[in-house]
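Heads up, the thing below is written out as structure tokens.
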Amino acid sequence: MKKIVLLFCSVLFSFSLFSEEINLDKGKYQDPESPQKNDKELVLGLSASIEDGVLTIESDMATHGVVVAIYDSSNALVYTSVSEIESRTHEFVVGTLPAGDYTLDVQVGDTLASGDFTIL
């Protein structure tokens, strides 16, 4: 019986139960102080998820200068950070956010993506 309980517990904790995928909608960011426009837009595939206070941003190619911002339901900024490492995966420790609705903004170069998520 102990072996069954131990096996059940190990299987239970090996699955990610609280990971939430964040659907990102992409837009084009244009720096208002930059007079030149680039005719070629880099289409960058971005995905995001949050689990146990860690926000993970993944892209389809190595990037650096990834800027993330999280806003609460009253549009107050609750977290912001920049990842300067060159990688396809960027992790940000956002800590424990209170239960509620949030908006995530991710900016990589001229690509701006936003998505909503809920912490239960």
### Task
Verify the cluster assignment for Met61 and Val108: are they in a single hydrophobic cluster under the rule of side-chain heavy atoms below 4.5 Å apart?
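In one cluster with Met61: Val108, yes.
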Specify the closest pair of heavy atoms between [X] and [Y], including all atoms of both residues, with the distance to one decimal.
| X | Y | answer |
| --- | --- | --- |
| Leu24 | Ala113 | CB-CB, 3.9 Å |
| Ala48 | Glu21 | O-OE1, 3.5 Å |
| Asp116 | Ile22 | O-CG2, 4.0 Å |
| Asp105 | Ser114 | OD1-OG, 2.6 Å |

### Message
Less than 3.5 Å apart, any donor N or O on the side chain of Glu86 or His64 sitting next to an acceptor on the other?
### Response
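Short answer, yes.
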### Query
Any side-chain donor paired with an acceptor under 3.5 Å for His90 and Thr63?
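A pair is found: one side chain offers a donor N or O, the other an acceptor, under 3.5 Å apart.
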Enter the distance from [X]:[atom1] to [Y]:[atom2] here, rounded to the nearest 0.5 Å.
| X | Y | atom1 | atom2 | result |
| --- | --- | --- | --- | --- |
| Glu58 | Thr89 | CD | OG1 | 4.0 Å |
| Leu104 | Leu55 | CG | CG | 5.5 Å |
| Ile57 | Ser47 | CD1 | OG | 7.5 Å |
| Asp72 | Ile119 | CG | CD1 | 12.0 Å |

Table please: side-chain donor-acceptor pairs of residues 75-82 below 3.5 Å, with sequence neighbours left out.
| residue | atom | partner | partner atom | Å |
| --- | --- | --- | --- | --- |
| Thr80 | OG1 | Val68 | O | 3.1 |

### Close side-chain approach of Phe92 and Val66, heavy atoms under 4.5 Å
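Counting from C-beta outward, Phe92 and Val66 do come under 4.5 Å.
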### Message
Is there a side-chain contact between Val94 and Ile50 in this structure, where contact means two heavy atoms from C-beta onward sitting under 4.5 Å apart?
### Response
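Yes. Closest side-chain heavy atoms under 4.5 Å.
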### Message
Strictly distance-based, threshold 3.5 Å: is any side-chain N or O of Arg88 a donor or acceptor partner for the main-chain N or O of Ser59?
### Response
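Side chain of Arg88 to backbone of Ser59, a donor-acceptor pair under 3.5 Å: yes, one is there.
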### Query
Of all residues at least two apart in sequence or in a different chain, which pass the ring pair (Phe, Tyr, Trp, His ring centres under 6.0 Å) check with Tyr102?
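For Tyr102 the ring pair (Phe, Tyr, Trp, His ring centres under 6.0 Å) partners, ignoring immediate neighbours, are Phe117.
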### Message
side chain to side chain donor-acceptor pair (under 3.5 Å), that's the test. Do Asp101 and Ser73 meet it? Break it down for me.
### Response
CA-CA 5 Å; Asp101 296 326; Ser73 59; over 6 Å; no
